[in-house]
Amino acid sequence: AFVGSGSAPEPQGLFTMTNVNEVDMGTNGAAIADYSQILDAIQLLEAANADAPTAMVMHSRTKRAYESLVDTTEANRRIPPAAVTELPRLVTTQIPIDQTQGSASNASSIFLGNFSELVVGMRSELRVEVLKERYSENYQFGFLAHLRADIQCWHAESFARIVGVIPS
């Protein structure tokens, strides 16, 4: 749902979907220095008349960068604005940390949005078959799973992606 290409057999994800708001970290990406990109993404959602975001989803490396922000004296942790504090930060390794942004090949993305606007359509139910014959000589089992599903947004403008997040 986040970075799918849209080419068979993969559904199109929020990373490549049109009409999703975008905050760009720069030509070659940039490291997290403050909360301004999150605030910019929230502002884009508000300008699109979207409901308030229900979460932001990022890789654990990106979450760590936000949690280690310090003030100019590096003595205290930088306190995030209320709009950021109230927003749940969800972590997944399904968001890659090897995206290309200009000359950077270690970029990642952050997704914000009202995830009640993201719909998963099931075309057929999950089917799991046990493959005994192929693995019987080793007293093992194999499994074959098949599912047809797709994602779509009721309102693509209810989402924003921050692209080009590189490590500091």
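In what follows, every heavy atom counts, from backbone to side chain, and hydrogens, waters and symmetry copies are set aside.
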Fill in: Side-chain donor or acceptor of Ser68 paired with backbone N/O of Arg64 under 3.5 Å
yes
Discussion item. With rounding to the nearest 0.5 angstrom, report the CD to CE distance, Gln152 to Met17.
Written reply: 5.0 Å
Item to complete: Take Ile110 and Val57 through the test side-chain contact (heavy atoms from CB on, under 4.5 Å) and record every step on the way to the result.
Response: CA-CA 6 Å; Ile110 303 170; Val57 184; over 6 Å; no
Worksheet item: Rounded to the nearest 0.5 Å, how far does CZ of Arg161 lie from CG of Asn21?
Response: 8.5 Å
Item to complete: Go through the steps for Leu118 and Ile151 under the test side-chain contact (heavy atoms from CB on, under 4.5 Å), then give the verdict.
Response: CA-CA 7 Å; Leu118 184 69; Ile151 68 148; 3.9 Å; yes
Practice prompt. May I ask you to decide whether Glu125 forms a salt bridge with Arg127, counting only side-chain N to carboxylate O separations under 4.0 Å?
Written response: no
Worksheet item: Is a side-chain N or O of Ser108 found less than 3.5 angstrom from the main chain of Pro96, in a donor-acceptor match?
Response: yes
Discussion item. Would you say CD of Gln94 has more than 12 non-hydrogen atoms from neighbouring residues, nucleotides or ligands within 6.0 angstrom?
Written reply: no
Worksheet entry | Side-chain donor-acceptor pair present, Ser109, Gln99, cut-off under 3.5 Å | yes
Worksheet item: Can a donor-acceptor pair be found between the side chains of Asn114 and Ser158 at a distance below 3.5 Å?
Response: no
Fill in: Contacts of type salt bridge (charged side-chain N to carboxylate O under 4.0 Å, His left out), residue Asp24, not counting sequence neighbours
none
Practice prompt. Kindly give the heavy-atom pair with the smallest separation between Leu87 and Thr54, and that separation in Å.
Written response: CD1-C, 3.9 Å
Worksheet item: By ring-ring contact (aromatic ring centres under 6.0 Å, His included), which residues pair with Phe115, not counting sequence neighbours?
Response: Phe159
Item to complete: Nearest 0.5 Å please: distance from the CE atom of Met25 over to the CG atom of Asp40.
Response: 10.0 Å
Discussion item. If hydrophobic residues (ILVMFWY) are linked whenever their side-chain heavy atoms come closer than 4.5 Å, directly or via other members, who joins Val91 in its cluster?
Written reply: none
Worksheet item: Should Phe143 and Leu147 be counted in the same cluster of Ile, Leu, Val, Met, Phe, Trp and Tyr side chains packed under 4.5 Å apart?
Response: yes
Discussion item. Looking at every non-hydrogen atom in both residues, tell me the closest pair between Asn28 and Ala104 and how far apart they are.
Written reply: O-CB, 3.3 Å
